[in-house]
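Structure, as structure tokens:
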Amino acid sequence: MSHPRSIRLGVNVDHVATLRNARGGARPDPVRAALAAIEAGADGITAHLREDRRHIRDDDMARLKAEIPKPLNFEMAATPDMLRISLATKPHAVCLVPERREELTTEGGLDVVGQHNALAPFIAKLNDAGIRVSLFISADERQIEMAAKLRAPVIEIHTGAWCDAVMDGHQEKAAAEWRRIVAGAAVAKSAGLEVHAGHGLDYATAETIAALPEIAELNIGYFMIGEALFVGIGETVRTMRAAMDRGRAALRARTA
Ligand code: PXP
């Protein structure tokens, strides 16, 4: 079976900005964290410009685009305002996510089946601008097939429910969520989509999912920024990279 030899790591720096915003000043700087993550081996940087600007702000996104030497993945809700900002920023990729103001984090996948009429022109404009569109969806066959129909080149599978179940020790639920991810990744790959995954990943779950042949990229934030408080961002990136490489090596051993 053919699969990418390596798997990319995108580091999400939102929560460096969360910490900065707690005092309203300029430190810690998410751009500095992004540069340190890249220096340690991150393949790209992800940041989510939320409608309420609770962490990343417009000038952070502009500075990330101007200052980082690796691809920028701009996460955003599908709103006219965000479309305007992303077209002006020209990131490497845009990941469309659902957004509700009151949520603590992005709680579920985008309903591309329910919103396909609204999403179609949105995706087309980003495609036309040469920005790689990724849709953050759950590993649901109908959602995946609609993503392909909408001509998004990439999906990102929402791993939150699986990671929560693993963390909470709910083995049956974790196994069921994992089966959904495995099946969804296969459906997506056969529909011609590039498959990414993210949300709630830590070293162990990243190692597990890196062994899925369809997964080309993981986007990881909260856990890594928390770990960085104890060991630094460089060490955290290197440890995550090693975990992902172990997962990939296990895949190669299985398919050799
Ligand atoms: N991918 C997407 C699309 C997200 O919205 C998020 C959270 O902002 C992540 C990945 C990273 O999730 P976490 O911070 O839990 O690692």
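All figures in this text were calculated on a predicted structure; none of them were measured in a lab. Here, residue 1 is the first one in the sequence, and each next residue gets the next number. Just follow the structure's listing: the first ligand is 1, and inside any ligand the first atom is 1.
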At a non-hydrogen distance cut-off of under 4.0 Å, which region of Phe136 contacts ligand 1 (side chain, backbone, both, or neither)? side chain

Looking at Arg84 and Asp81, does any basic side-chain N land under 4.0 Å from a carboxylate oxygen? yes

Between ligand 1 and Gly221, is the shortest N or O to N or O distance under 3.5 Å? yes

Between ligand 1 and Asn219, is the shortest N or O to N or O distance under 3.5 Å? no

Using a 3.5 Å cut-off on N or O atoms only, is Glu156 in polar contact with ligand 1? yes

Side chains of Glu99 and His48: any donor to acceptor distance under 3.5 Å? yes

With a 3.5 Å distance limit and no angle check, can you tell me whether Thr159 reaches the backbone of His199 through a side-chain donor-acceptor pair? yes

Can you confirm, on distance only, whether ligand 1 has an N/O atom lying under 3.5 Å from any N/O atom belonging to Gly200? yes

Best match, Arg50, Glu99, Glu75, His48: closest heavy atom to atom 3 (C) of ligand 1: Glu75

Provide the number and element of each atom of ligand 1 under 4.0 Å from a heavy atom of Asn12. 8 (O)

Assess, by modelled atom type and distance only, whether the side chains of Asn73 and Glu75 contain a donor and an acceptor separated by less than 3.5 Å. no

Quick one: do Asp60 and Arg53 make a salt bridge, cutoff under 4.0 Å? no

Go through ligand 1 atom by atom and flag the ones less than 4.0 Å from a non-hydrogen atom of Val97. 3 (C)

For atom CD of Glu141, decide whether the heavy atoms of other residues, nucleotides or ligands shown that lie under 6.0 angstrom number more than 12. no

With the threshold set at 4.0 Å, does a side-chain nitrogen-carboxylate oxygen contact exist between Glu194 and Arg8? yes

Compute the shortest N/O to N/O distance between His15 and ligand 1 and return yes if it is under 3.5 Å, no if not. no

